[in-house]
Amino acid sequence: MAFLEVRCLTKEFYGLRALDRVDFSVEERKILGIIGPNGAGKTTLFNIISGILRPTAGEIQFQGARINHLKPHQIAMAGIARTFQIVRPFGNFTVLKNVLVGFGHRFYPGLFSSAYRFEKETHLERAREILARVGMETYQGSIAKNLPLGLKKHLEIARALALDPSLLLLDEPMAGLQYEEFEKLAGLIRGLREEGITIVLIEHNMQVVMDLCERIVVLDHGVKIAEGSPEEVRTDPQVIEAYIGQEETVA
Amino acid sequence: MFGGYIITVAVTIGIYIILAMSLNIITGYAGQISLGHAAFWGIGAYCSALLSTRLGLPFWIGLPMTIAITALTGSLLAIPCLRVREDFLAITTIGINFVVQAVFLYVPFFGGAMGIGGIRSPFSTSSFFWITLIFVLVCIVLDRWLVTSWIGLALESIREDETAAAISGIDVVRFKVAAFAIGSGLTGLAGHLYAHFMTFISADDFGFPQSIVILSMIVFGGIGTLRGAILGAIILGVAPEIFRPVLDYRTLIYGGLLIFMMRFQPGGILGDQSVLPKLFRMVRQRSPALVRSG
Amino acid sequence: MIWQQFANGLAIGSVYALIALGLTMVYGVLRILHIAHAGVYALGAYVGLLVFRFIPNFWLALAITMVASSFAGIILQRYLYAPLLALPRIVPLIASIGLFIAMEEIFRLIAGPYILAFPADPGLGGIEWGIVRITNNQFLVFLVTVSLLATLWFVMSKTKLGLAMKATSQDLEIASVMGINTERIIATNFLIGSALAGAAGVLVGVYFNSVYPTMGSIPAYKALAIIVLGGLGSIPGTVLGGLLIGLGETLLLGLINIPFPRDALAFIIMIIILMFRPYGLLGKE
Amino acid sequence: MLSVEKVDVFYGEFQAVREISFQVQGGELVTIIGANGAGKSTILKGLMGLESCERGKITFQEQDITHMPTYQRARLGITLVPEGRRLFQDFTVEQNLVAGGYTRTDASAVERDLQRTYDLFPILKERGHQVAKTLSGGEQQMLAIGRALMASPRLILMDEISLGLMPKYVNEVFNTIESLHREGVTILLVEQNARKALAVADRGYVLETGRILIENEARGLASDPRVKKAYLGG
């Protein structure tokens, strides 16, 4: 049984198919890359897995249970965390408070536990640990909206990690970062996998995808056009066409 | 101890503080703009008045019942508000205000245009002042508890970004309803105090202009902060009394004040970005240095 | 009887539409709830009455009022709203409410709290048509609103200015890429909307033969219900919403005689419709 | 015709482009290629005045336009085919095209260009009275290009026009670009689809995280191993 299994997933907007019968699965403790040109439906796929959008048809199974009818917060509780392509931290919160929001998932559902103080030292301690994990322990008092883009992206990962996820969906974590930051973030992602978190990664930077992922799924116009190891995908003529256009036109 | 006039003003301001705090929970913390807050206040007051005059319930028994009923009605009225966002929400809440007021005015059960009179208060005017003061303090404690609890964190996350809050495990619908329930529960308290202090209420007391007054208080003081809600309620509560000598220009000054504030100090006088808190922070940062050098 | 109520409802509804149109136009380009619009409406009634007292000619009063109120609208846009656009939306909203309160007070202080008569007779005469009698004043309201709405329709759908206005409300940035001076278009929106509100003020003043400081209060909020009903920013939706509310109020109260205040009905209709269409009748997500 | 000297453009609070310099000569088809997030769209927005240039200088036909408002740039003859098309969704196809020719006063020339656009994209004529949002992705893209052409521009800025298009539409759109180029229209093309862009362009710039990495003739870039590496990591 695969850890996450997506079957025949279809999403239509106003009659247009953003996703067309997409199938794939992820094994536990693996990193799956999802690539494809703009408009291929990658972010839509994440929005469906995380419950923000409802699929038109198809099914998603997570650890053997069907999750495609759940609300976003229920999916988050089930252990699926995500980041956004266009970062959306809680702008007026401090960095530490952003992480605490994610950490609160174990207290929100209970009528009494949700009335407890969130600024307990044990909670703060755990939040600081998570910040240290993404290398942001010195920024805990900064207001999130004032951070540079690179740190906002790290902060989103920290907030996601506070959910104690077993599956992490990263939507273009490298976009907008400087080259120097790529290696650091790639190291972090590898480390998370070592700790037992399964990762699905949307990324445009090919170098990063090829280095990090065991398997890659290629989407184009909502259709899965290829799946395989980085080497297989890189030499796939359909992928080359979808990505940089037909070879022969350059003649 | 004080003159009757002063006490009346003080009790009114105390009730306004509770109202401003309750709206601050819905609009300031949870980010759900409500332009119909007076409706919830009215529900509290009418509920309290009916319990007192029809069932003859004493003050302290009517109080918890009023709070509970108002909180329940508030969360029911929040249901149409969950379907709509931003400006649609703002106007829907105006609509709720007009409809609720119309019900009070036209349904004979609520006394119609005559309102409800003869609500008996067990307290003298001056002890009412102390009771109001105690309730204000209790509300302040409650508010402090709320913002430091997981509920408060969830509400503020929803204000910042609903989607991001949802993927962080927050049940947005439940917490929005909770904000309306807590907020209108407090207006229930304010309504109970008001009904028993005035001993007579009518639908005119809870119209849309009152909602604007309450909203102006929290915007004036600095939306989303407790100190702003309190100070806004005090200033805008005292203002009409101060301007009493220029009675004719009172409302004009009030309107002008709102324009002036929004134009030049849109964060409110105690909002984080405004002059006074900045000055305060500056002084606090400098003063140790001054002490040392002196 | 029902046709008589129908005529009354249409007259009221078309005035509602006229007031709400300016509101929807402003919302369309700036996404601001311009409550003080109803202040411009009341201002129109007073200006019209003032002009009428000097020169008792209805049409001249109407024309001068429209010029004066459009002027007022542009001043509001330039000096009140323009500096507030980048701030949270509650800020221009409260400023607008503050301005509306202040305007009502100014009217009261200058003209007194009394109801002033506006006995203009445009010399049109009434019409009797079977059992339906359209009064002199109703006929006036129909004539003026229909011609104003027709003019607006012509400007919006047949002229380059209308094209630019619609383009600006759909995508301000891209409109400027097309060479449209979007700042001027925003000002034009205020100009037209305020002129319509001023005209509505004169019409209502004459229709009920009364002008008073708080005459804008009810229209201010009812117009909000109407534009939400129509789908915030949609011009045809607003006309539809105005007529629907005007007719709905008159028919429900006149025929069924439900024990409910006229002014809350608009909001009940609005809330019920919003439950099924959260973006209004002709609104878009 | 267009000269950009050491320009910095910010996108919100984030500096998307720094100290960027390049030129476009009259009649040229120049492309800027680079991965997502490299700052390509921001450059075009800066040229059009939709994002402000903090430093540097932009000249168009010997005129300094660095701080000119967008609509005045449009009146000088610059136009943009924006990313994501951004049609006036509630307008019909024809209204969109007419809006494109907003600044022009010569009605007969506008009518002529309308016919020319319809000749170029016959499908648009067929759909003339259909509302823009009901068009397919490819048709919308053609309409966006047509709308820009209606301004009879001296310089067209094209932003990611193959984005989200079916491959057959991609070919059609690029054929259109080539024929416009042959007619002498000056074009600055920003594209992720590097091969396609280089196949039609005269010259190209490769952008990487806000800086220009390489400048060369398009043919030279197409065979440059560094370009391939920047894209496919190999």
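For the numbers below, each heavy atom of this structure counts, side chains included, while hydrogens, waters and symmetry mates do not.
In this structure, C/Arg277 has no salt bridge (charged side-chain N to carboxylate O under 4.0 Å, His left out) partners at least two apart in sequence or on a different chain. By the side-chain contact (heavy atoms from CB on, under 4.5 Å) test, D/Leu135 is found to be paired with D/Val93, D/Arg127, D/Gln130, D/Glu139, D/Gln140, D/Leu143, residues two or more places apart in sequence or in another chain being considered.
Heavy atoms of other residues, nucleotides or ligands lying less than 6.0 angstrom from CD of C/Glu183 number 12 at most.
Ranked by heavy-atom pairs under 4.5 Å with chain C, the first of D/Arg147, D/Gln95, D/Gln72 is D/Arg147. Comparing C/Gln170, C/Lys160, C/Met178, C/Lys166 by how many heavy-atom pairs each has under 4.5 Å with chain D, the most go to C/Gln170.
Neither the backbone nor the side chain of D/Ala151 comes within contact range of chain C; no heavy atoms are under 4.5 Å apart.
Across every non-hydrogen atom of D/Ile177 and D/Leu189, the tightest pair is CD1-CD1, 3.9 Å.
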